[in-house]
Amino acid sequence: MSEGSLDPHDASHAAHDDGTDDRYLVRNPRQIRHLLQALIDQRSLINAHLGGRDQSFPTAILELDEDDDWLLLDGSPSEPANRAAEDAGHLLCFAQLDRVMVRFRLDHLERTGGHRHVAFRVPFPTELVHLQRRELYRLETPFTDSPHLLFPINEDRSEALHLRVVDISGGGLAVTVPVDCNVFSIQKRYDARLDMPESGPLQISLIVCNQLAVKLPSGVEMKRIGMRFDGLPRGGDSAIQRYIFRIDRQRSARKNGES
């Protein structure tokens with residue numbers, strides 16, 4: 001089940017603080033070990049993306065070392081995928097525990113095992129995001145690196161609005177429009193194209209959940225349109241989560257004074 005299939009009402013809760021994700025960030029080694037063990041106990045499937053690229057393979061954690069902080073990650077039946085994982089530098093991993101999303105990064109993969117059963121010995125992640133409640137973290141997007149929504153406004157699709165996505169999660173997104181824009185109706189379903197940075201366009205379906213009056217820092221009044229995903233294509237949820245993961249890491253690096 002994809003993250004987008006969680007309670008759609010959770011997607012309507014917006015977070016507008018760069019530090020919001022701190023509520024879900026786990027850095028305590030004991031807690032990280034507990035969550036990794038839970039992934040094993042629940043036989044959770046992990047979607048591992050190679051170096052943040054679109055290419056991925058399904059995997060699982062096989063075991064945790066009892067003394068040192070490293071884990072054994074199952075390899076792929078495909079040898080080219082295993083070689084690509086070795087060359088990628090890191091894996092971005094997405095999984096679920098009791099329908100709650102978990103994501104983390106694995107670095108320094110060390111191949112082990114024979115040709116029949118490849119595995120990777122990997123140090124524990126230094127941090128892990130765990131949405132402790134059944135809700136979707138909504139990321140406020142940076143102005144210069146935002147997804148965009150191409151939204152047809154007439155039946156023959158000859159005219160379209162090109163809107164910057166101001167926040168996004170695995171469950172939905174929001175855009176802002178001028179106060180006199182009356183294109184959107186509450187609870188109505190729309191088809192649109194979502195253009196993600198560093199990914200291909202996604203053909204999606206959206207249902208409008210709310211319309212709120214907002215005032216920009218410039219003082220201009222706008223309408224904020226909150227929408228939940230009613231349909232994502234294959235790989236769409238992963239593309240959105242990779243984007244959120246990348247922006248989170250960039251913000252964390254800037255906050256910590258890293259390059």
Side-chain angles (χ1 to χ4, degrees), residues 2-3 6 10-11 13-53 56 59-74 85 88-110 119-142 145 167-171 237-259:
S2 69
E3 184 192 350
L6 300 183
D10 292 336
H13 297 293
H16 297 287
D17 183 351
D18 287 354
T20 300
D21 202 35
D22 289 345
R23 291 181 298 165
Y24 313 118
L25 195 60
V26 179
R27 290 197 177 102
N28 183 292
R30 182 177 296 180
Q31 292 177 321
I32 290 175
R33 176 180 285 273
H34 174 77
L35 290 167
L36 294 175
Q37 185 61 54
L39 289 173
I40 295 175
D41 295 342
Q42 296 188 20
R43 299 182 179 180
S44 297
L45 183 67
I46 296 172
N47 196 19
H49 290 264
L50 309 178
R53 301 193 298 270
S56 65
T59 183
I61 299 174
L62 299 176
E63 64 178 83
L64 306 181
D65 181 77
E66 292 185 5
D67 300 313
D68 297 322
D69 289 339
W70 61 264
L71 57 87
L72 196 64
L73 189 74
D74 199 12
H90 68 271
L91 299 177
L92 297 183
C93 298
F94 303 91
Q96 289 197 1
L97 285 170
D98 299 320
R99 294 182 59 217
V100 177
M101 192 272 289
V102 174
R103 74 175 187 262
F104 52 92
R105 170 173 167 152
L106 296 177
D107 293 277
H108 311 300
L109 276 70
E110 178 185 325
F120 296 99
R121 188 177 184 271
V122 194
F124 275 18
T126 56
E127 59 185 37
L128 181 150
V129 174
H130 179 226
L131 299 190
Q132 298 166 16
R133 295 179 291 279
R134 295 179 186 272
E135 60 184 299
L136 299 171
Y137 167 58
R138 188 180 287 273
L139 174 86
E140 184 176 1
T141 63
D145 192 7
D167 58 54
I168 192 168
S169 76
D237 184 73
S238 294
I240 292 167
Q241 292 303 328
R242 285 198 308 277
Y243 170 76
I244 291 173
F245 192 98
R246 177 171 65 82
I247 299 300
D248 273 349
R249 286 192 63 84
Q250 288 174 356
R251 287 176 173 170
S252 251
R254 285 197 297 270
K255 196 178 293 184
N256 295 330
E258 300 172 13
S259 58

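Values below: every heavy atom of this structure, side chains too, minus hydrogens, waters and symmetry copies.
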From [X] [atom1] over to [Y] [atom2], what is the distance, rounded to the nearest 0.5 angstrom?
X: Arg121; Y: Leu62; atom1: CZ; atom2: CG; result: 14.0 Å
X: His49; Y: His90; atom1: NE2; atom2: NE2; result: 11.0 Å
X: Leu71; Y: Leu64; atom1: CG; atom2: CG; result: 6.5 Å
X: Ile40; Y: Glu63; atom1: CD1; atom2: CD; result: 7.5 Å
X: Ile61; Y: Leu36; atom1: CD1; atom2: CG; result: 4.5 Å
X: Tyr243; Y: Thr141; atom1: OH; atom2: OG1; result: 4.5 Å

| task | Could you check if a side-chain atom of Arg105 sits within less than 4.5 angstrom of a side-chain atom of Arg249, using non-hydrogen atoms only? | result |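 In short, these two side chains touch, coming nearer than 4.5 Å.
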Can you name the closest pair of heavy atoms from [X] and [Y] and give their distance?
X: Pro125; Y: Ile32; result: O-CD1, 3.5 Å
X: Ser238; Y: Asn47; result: OG-ND2, 3.2 Å
X: Asp107; Y: Gly89; result: OD1-O, 3.9 Å
X: Arg251; Y: Leu139; result: NH1-CD1, 3.5 Å
X: Cys93; Y: Ile46; result: CB-CG2, 3.7 Å
X: Arg242; Y: Phe94; result: N-CZ, 3.8 Å

| said: Could you go through Gln37 and His34, starting from their C-alpha distance and side-chain angles, then the distance that decides it, and tell me whether this counts as side-chain contact (heavy atoms from CB on, under 4.5 Å)? | reply: CA-CA 5 Å; Gln37 185 61 54; His34 174 77; 5.8 Å; no
| Given Leu73 and Leu91, is the side-chain contact (heavy atoms from CB on, under 4.5 Å) satisfied, shown in steps? | CA-CA 11 Å; Leu73 189 74; Leu91 299 177; 3.7 Å; yes
| Any sub-3.5 Å donor-acceptor pair from Asp68's side-chain atoms to Trp70's backbone N or O? |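 No.
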| task | Run the numbers on Arg103 and Ile244 for side-chain contact (heavy atoms from CB on, under 4.5 Å), then give the verdict. | result | CA-CA 11 Å; Arg103 74 175 187 262; Ile244 291 173; 3.6 Å; yes
